[in-house]
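Just the heavy atoms: all of them, side chains too, but no hydrogens, waters or symmetry mates, feed the values below. Throughout, residue positions are numbered sequentially from 1 according to the sequence presented.
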Amino acid sequence: MKTGLYVIIFLIINFGALALSSWLMDNGPQTGWYQNLNKAPWTPPGWVFGAAWTTIMLCFSIYMAILLKIHPHQKVVILFLIQLVLNVGWNYLFFNQHLVVLSLVCIALLTIIIFKFLFDFKTIMLAKQLLVLPYFIWLCIATSLNAYILIYN
């Protein structure tokens, strides 16, 4: 399969997951529950989240397309599916159900999965490995935000 087709497939899957996540969080950031939380001083403004996730999913879709093209193994698909479930699940757990502890576990596991992408395939992907770096950095920030909310609320 051509890399361009893989990119399109992953764009559809990844942005579809973002749409599902948005729907599952049920206006979470605008709810009184979230607005009244004691949030970390480094919490970015709301518009940053949309810009960040758009960039992350563009880069991650390209990354996945290239990775599967040069390394079409079941491990890659399994890791991708796990991250997909964890990514979508976090929004539901945190914003919809207000399960701060469980959402922290979820995002920590997601961060570990993306860490695995970052380091398990570095010899295969070389410089293209940088495409997954924004995802990992953002998850480190998001994990710290979730942890702050758990500790200070």
Side-chain angles (χ1 to χ4, degrees), residues 1-26 28-29 34 39-97 99-150:
M1 191 179 298
K2 300 273 186 197
T3 305
L5 183 55
Y6 274 139
V7 171
I8 292 168
I9 290 169
F10 280 109
L11 284 170
I12 292 168
I13 293 169
N14 287 326
F15 281 97
L18 285 180
L20 178 60
S21 293
S22 292
W23 179 72
L24 286 174
M25 72 177 163
D26 195 28
Y34 182 74
K39 292 179 271 309
W42 60 91
T43 302
W47 67 266
V48 172
F49 290 87
W53 278 112
T54 299
T55 303
I56 288 163
M57 286 304 142
L58 284 170
C59 290
F60 193 56
S61 295
I62 295 166
Y63 171 85
M64 286 303 303
I66 295 169
L67 180 58
L68 270 182
K69 182 69 176 171
I70 61 177
H71 190 72
H73 287 77
Q74 187 177 14
K75 177 184 177 182
V76 174
V77 174
I78 291 170
L79 286 173
F80 175 78
L81 292 174
I82 292 169
Q83 78 75 36
L84 193 66
V85 169
L86 292 170
N87 195 332
V88 170
W90 182 87
N91 284 299
Y92 178 73
L93 293 171
F94 185 83
F95 284 114
N96 191 303
Q97 298 298 302
L99 298 171
V100 179
V101 173
L102 195 51
S103 64
L104 181 58
V105 171
C106 182
I107 201 166
L109 291 172
L110 178 56
T111 305
I112 291 167
I113 294 296
I114 297 305
F115 180 85
K116 287 191 69 54
F117 274 113
L118 191 58
F119 288 95
D120 284 5
F121 305 110
K122 66 182 178 195
T123 56
I124 299 167
M125 294 294 282
L126 305 171
K128 294 177 282 300
Q129 199 65 3
L130 294 174
L131 288 166
V132 81
L133 195 56
Y135 198 174
F136 181 72
I137 292 168
W138 185 255
L139 286 175
C140 289
I141 294 166
T143 302
S144 75
L145 296 173
N146 194 152
Y148 187 96
I149 287 171
L150 175 64

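- Under a 3.5 Å cut-off, the side chain of Asn96 and the backbone N or O of Leu24 do form a donor-acceptor pair.
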List, one per line, each side-chain donor-acceptor pair under 3.5 Å for residues 118-128, sequence neighbours excluded.
from   : atom 1 : to     : atom 2 : distance (Å)
Asp120 : OD2    : Lys75  : NZ     : 3.0
Asp120 : OD2    : Lys116 : NZ     : 2.8

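- With sequence neighbours excluded, no residue forms a side chain to side chain donor-acceptor pair (under 3.5 Å) with Ser22.
- Considering all non-hydrogen atoms of both residues, Ser61 and Asn14 come closest at OG-ND2, 2.9 Å.
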> What do the steps show when you test Leu68 against Phe80 for side chain to side chain contact (heavy atoms under 4.5 Å, CB included), and what is the final call?
Replying inline: CA-CA 10 Å; Leu68 270 182; Phe80 175 78; over 6 Å; no
Under 3.5 Å, sequence neighbours excluded: what are the donor-acceptor pairs made by side chains of residues 45-60?
from  : atom 1 : to    : atom 2 : distance (Å)
Thr54 : OG1    : Gly50 : O      : 2.8
Thr55 : OG1    : Ala51 : O      : 3.0

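- Taking Asn146 as the reference, Trp90, Ser103 meet the side chain to side chain donor-acceptor pair (under 3.5 Å) condition, with sequence neighbours excluded.
- Note that CG of Asn91 is 12.5 Å distant from CD of Gln97, once rounded to the nearest 0.5 Å.
- Remark: Lys39 pairs with no residue by the salt bridge (charged side-chain N to carboxylate O under 4.0 Å, His left out) rule, at least two apart or across chains.
- In this structure, Ile112 CD1 and Leu79 CG are separated by 12.0 Å, a value rounded to the nearest 0.5 Å.
- Of all non-hydrogen atoms in Ser21 and Val88, the two that sit nearest each other are OG-CA, 3.2 Å.
- What you find for Leu86 and Cys106 is that their closest heavy atoms are O-SG, 3.2 Å.
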> Between Ile114 and Leu110, does a side chain to side chain contact (heavy atoms under 4.5 Å, CB included) hold up when you go through it step by step?
Replying inline: CA-CA 6 Å; Ile114 297 305; Leu110 178 56; 4.3 Å; yes
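- The CD1 atom of Ile107 lies 12.0 Å from the CG atom of Leu102; values are rounded to the nearest 0.5 Å.
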Identify every side-chain donor-acceptor pair in residues 130-139 under 3.5 Å, counting partners at least two apart or on other chains, and give the distances.
from   : atom 1 : to    : atom 2 : distance (Å)
Tyr135 : OH     : Gln83 : OE1    : 2.6
Tyr135 : OH     : Asn87 : ND2    : 2.8

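- At a threshold of 4.5 Å between non-hydrogen side-chain atoms, the residues Leu145 and Trp42 count as touching.
- Of the possible polar contacts, none joining the Gln129 side chain to the Tyr63 backbone as a donor-acceptor pair under 3.5 Å is found.
- Looking only at side-chain heavy atoms (C-beta outward), Pro41 and Tyr148 come within less than 4.5 Å of each other.
- Interatomic distance, Leu104 CG to Phe94 CZ, rounded to the nearest 0.5 Å: 10.0 Å.
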